[in-house]
Number of protein chains: 2
Amino acid sequence: MQNKLDTIFAALSDATRREILSMLLEDDMAVTDVAEPFEMSLAAISKHLVILTKSGLISQEKRGRVKWCKLEPDALKDASIWMQGFGQFEAVNLDAFEAFLEQELEK
Amino acid sequence: MQNKLDTIFAALSDATRREILSMLLEDDMAVTDVAEPFEMSLAAISKHLVILTKSGLISQEKRGRVKWCKLEPDALKDASIWMQGFGQFEAVNLDAFEAFLEQELEK
DNA sequence: GAATTAGTCAACCAGATGGTTGACTTTCCG
DNA sequence: CGGAAAGTCAACCATCTGGTTGACTAATTC
């Protein structure tokens, strides 16, 4: 496991980690609060957060004794761009796609 | 590993398998031909193809003694849709996105 | 200063992953 | 028919993964 895409897709391949990412969409969270809804130990969640951090999908910052977890959605961009080479995205020009996004976001 | 998204992302987390998918973008290929550029045994590639098949990213069909591998890009759709919840795709309406795609594809 | 809270670390475990090699089946070709 | 080609299967191996528990550090609160 060297490649950045490797680590991102590997991080996404676990349902618990995808759930954590969804939670962080709402707001930044402390490790303990991330762990709360799951039926597994805090240590297990801590490990998942390390994997997410190493992949770049989240970042962690310690303030006092609380470690805050923050979504880093840009990391998904790499994966998205790779995936655009395929399937329904086959014929789609990336520049046109981004222009579309800007337009959408201005609404 | 039960979930469909689990298997898709796990399949994508290996550089060899991503490379295979890229090769299949060009055209359907026999197992032996898929294996040719890689410095690993045919058996190893065969295993990778099983993983890709189980995830739905490719399909395999045997004709005579040759087993043909075919890209199934629709499987990536599930992963793409999941990812649209994040980052730059945050505010993008999926219907609008698909309308855009159709428009693009007609060009 | 003592107890509590937040979180990590280390050891351990079972099972998956990614590779090997050698034996094997099936199909094709001469 | 006999041999080569296309693949898979099974056994094996080292490493990674996802979880556990218990001990630990550091910050906070009483």
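Bear in mind that the values here come from a model prediction, so they are computed numbers and not experimental data. Residue numbers begin at 1 in each chain, while the letters A, B, ... track the order of the sequences.
Under the 4.5 Å side-chain criterion, counting only non-hydrogen atoms from C-beta, A/Leu24 is not in contact with A/Leu52. Looking at heavy atoms from C-beta onward, A/Val66 lies out of side-chain contact with A/Thr32 at the 4.5 angstrom threshold. Counting heavy atoms from C-beta on, the side chains of A/Lys70 and A/Asp28 come closer than 4.5 Å.
Across the protein-nucleic acid pair, B/Asp14 atom CG and D/dT15 atom P stand 18 Å apart, rounded to whole Å. A straight line from CD1 of B/Ile45 to C1' of C/dG18 spans 11 Å, rounded to a whole angstrom. Remark: P of C/dT8 and CH2 of A/Trp68 are 14 Å apart, rounded to the nearest angstrom. Here D/dG18 presents its P atom at 18 Å from CD of A/Glu39, a figure rounded to the nearest Å. We find that CD of B/Glu36 is positioned 15 Å from P of D/dA5, with the value rounded to whole Å. In this structure, the CZ atom of B/Phe9 is 19 Å from the C1' atom of D/dG18, given to the nearest Å. Per the geometry, CG belonging to B/Leu12 stands 14 Å off P belonging to C/dT17, to the nearest Å. One atom, CD of B/Glu61, and another, P of D/dG7, lie 13 Å apart when rounded to the nearest Å.
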Could you list, one pair per line, each protein nitrogen or oxygen that sits under 3.5 Å from a nitrogen or oxygen of nucleotides 4-6 of chain C, together with the distance?
| residue | atom | partner | partner atom | Å |
| --- | --- | --- | --- | --- |
| C/dT5 | O4' | A/Arg65 | NH1 | 3.3 |
| C/dT5 | O2 | A/Arg65 | NH1 | 2.8 |
| C/dA6 | O3' | A/Arg65 | O | 3.3 |

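Taking only distance into account, the side chain of B/Lys62 never meets the base of D/dG7 through a donor-acceptor pair shorter than 3.5 Å.
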**Study point:** Trace of the side chain to side chain contact (heavy atoms under 4.5 Å, CB included) decision for B/Phe9 with B/Lys4
**Key:** CA-CA 9 Å; B/Phe9 282 126; B/Lys4 191 176 181 183; over 6 Å; no

Check your understanding: Can you check side chain to side chain contact (heavy atoms under 4.5 Å, CB included) on A/Phe38 and A/Glu19, steps first, answer last?
Key -> CA-CA 10 Å; A/Phe38 295 98; A/Glu19 178 68 25; 3.4 Å; yes

Review point. Hey, mind stepping through B/Arg63 and B/Glu61 against salt bridge (charged side-chain N to carboxylate O under 4.0 Å, His left out) and telling me if it holds?
Key: CA-CA 6 Å; B/Arg63 285 199 293 273; B/Glu61 187 198 353; 3.0 Å; yes

Practice item. Give the intermediate values and the outcome of side chain to side chain contact (heavy atoms under 4.5 Å, CB included) for residues B/Arg18 and A/Asp6. Key: CA-CA 9 Å; B/Arg18 288 197 305 276; A/Asp6 286 10; 2.8 Å; yes

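Applying the 4.0 Å criterion to OP1 and OP2 of C/dG19, one finds that B/Ser41 has every side-chain N and O outside that range. Put simply, B/Ser46 has no side-chain N or O that comes within less than 4.0 Å of OP1 or OP2 on D/dG7.
Residue A/His48 forms a side-chain contact (heavy atoms from CB on, under 4.5 Å) with just one option from A/Asp14, A/Ile58, A/Thr53, and that option is A/Asp14.
Hydrophobic clustering of Ile, Leu, Val, Met, Phe, Trp and Tyr side chains at less than 4.5 Å, counting indirect connections, keeps A/Ile51 apart from A/Trp68.
Heavy atoms of B/Arg63 sit nowhere under 4.0 angstrom from any nucleic acid atom.
Within residues 48-58 of chain B, the residues that have a heavy atom under 4.0 Å from DNA chain C are, in order of number, B/His48, B/Ile51.
Residues B/Asp33 and A/Arg17 each lie close to DNA chain D; by heavy-atom proximity, the contact nearer the 5' end of the strand is made by B/Asp33.
When the nucleotides D/dG19, C/dT21, C/dG18 are ranked by their closest atom to the side chain of B/Lys47, C/dG18 comes out on top.
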